[in-house]
Amino acid sequence: MPSLTNRQIVLRRRPAGMLQPGDTEPISSPAPEPAVGEALLRTTYIGIDAAVRTWLDDQPGYLPPVQLGEVIRAAGIGEVIASRCDAYAVGDIVTTLSGFQEYVLIRDDLFSTPMPGETDQLAIMSVYGPTGATAYFGMTDIGRPQSGETVVVSAAAGATGSIAGQLAKIAGARVVGIAGGADKCRAVVQDFGFDACIDYKAGDLPAALKRHCPGGVDVYFDNVGGPILDAVLGRLAPRARVVLCGVISSYLTGKQPGPANYVNLLAKTASMQGFNALDQWGRFDEAFTALRRWAAEGRLAHRETIYQGIESCVDALNGLFTGANIGKMLVKVGEPSTVV
Ligand code: NAP
């Protein structure tokens, strides 16, 4: 194998808020040679997920914090270019915790999944991977939307929210998104097929919710927490289900104001439940089978916002917090050999 240079982004200082110059450093080193039991993956796309920012804080979580000096952890996809491992052959497309780097060693472990028969790498990142699985388990296990019910989804133009809302539509619900800005709201309705979308940056969210959800909210799929969660809690329908998927409004500060309207859970005999999609790892095939069927029926759209080059990973990560993405935020670091 010719010698390859692996460009990486490592953590140098724990960020306070958005990432600043000096929090990270781009470095280069020779790409590693796979040992027995390993394969070398050439990264094509790095997924920029909200969770990446949480891993940079020195806080316990479902995965340990990224340590100073380590490559920043992120889920990605790539192609095997050398293998000394029975699980992967050269040319295989594999999703893994690639991190912010151009080459990564993979093993036959929980985090590395070959995607036989699937060549559309954007679809894998947006739908047939953890993002799609998160939307699927949150909506189908906890939200359980019924035909005719009203479902509200926050960060509706984002990766998880855009898929979650479409799953509620497929279940026959009326779906209202919440997103920041007119362009995003247009995409939520036109591209992702929601019935309506509220621009929360335009002001008076409670009044907009009252207008769009006159009979109350039966299911709320919450990606953001904070004042948006509080406003929707104030509008719950009897026996509503609130799906706590994420609290991105707190990831830069670590602070989350308590929702005053939580008492409405009592008044409406409603429930609020959190979940971690990775707990459902053993059911990912179930999710992908259903998602593939709906996509084949033309009922599931996906979009991506793609930054170019490893050096743009930090900007892309900050961009999640300024709302720079519609659909899945990705950084393209290598050309896929199969372009669909
Ligand atoms: P995403 O929705 O594609 O992007 C984040 C979006 O959040 C932004 O585009 C922005 O949209 C919105 N946002 C950012 N700061 C906000 C704020 N202060 N208030 C309101 N909206 C804000 O990101 P994602 O990776 O798919 O993650 C979405 C959520 O799902 C996150 O909370 C994440 O932690 C969670 N998640 C949970 C699981 C799980 O297993 N439970 C798994 C994956 C992801 P606007 O422009 O519309 O504001």
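Any value given below was found using the heavy atoms of this structure, including those in side chains, with hydrogens, waters and symmetry copies removed. Whatever order the structure lists them in is the order used to number ligands and atoms, beginning at 1. These numbers come from a predicted model, not from an experiment.
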Test item, N325 contacting ligand 1 (heavy atom, 4.0 angstrom): yes
Numbered atoms and elements of ligand 1 in range of V247, under 4.0 angstrom, heavy atoms: 32 (O)
salt_bridge(R239, D218) N-O dist < 4.0 Å: no
Parallel, tilted or perpendicular, as decided by the 30° and 60° cut-offs, for the rings of F284 and W281: tilted
Cation-pi geometry met for R241 and Y220 (6.0 Å, 45°): no
Plane angle bin for W294 and Y136 - parallel if under 30°, tilted between 30 and 60°, otherwise perpendicular: tilted
From L252, I228, T305, N223 - option closest to atom 31 (C) of ligand 1 by heavy atom: N223
The one among C245, G246, A159 that brings a heavy atom closest to atom 37 (C) of ligand 1: C245
Enumerated ligand 1 atoms positioned under 4.0 Å from heavy atoms of G158: 1 (P), 2 (O), 3 (O)
Ligand 1-proximal atoms of T160, by part, heavy-atom distance under 4.0 Å: both
Location of contacts on I248 toward ligand 1, heavy atoms closer than 4.0 Å: both
Donor-acceptor side-chain pairing of S312 and D315 below 3.5 angstrom: no
Separation of L122 CG from I306 CD1 (nearest 0.5 Å): 5.0 Å
Nitrogen or oxygen of F275 less than 3.5 angstrom from that of ligand 1: yes
Shortest non-hydrogen contact between K328 and S126, atoms and distance: CB-OG, 3.4 Å
Per-residue contact class, K184 against ligand 1 - non-hydrogen pairs under 4.0 Å: side chain
Heavy-atom gap Y200 to ligand 1 smaller than 4.0 Å: yes
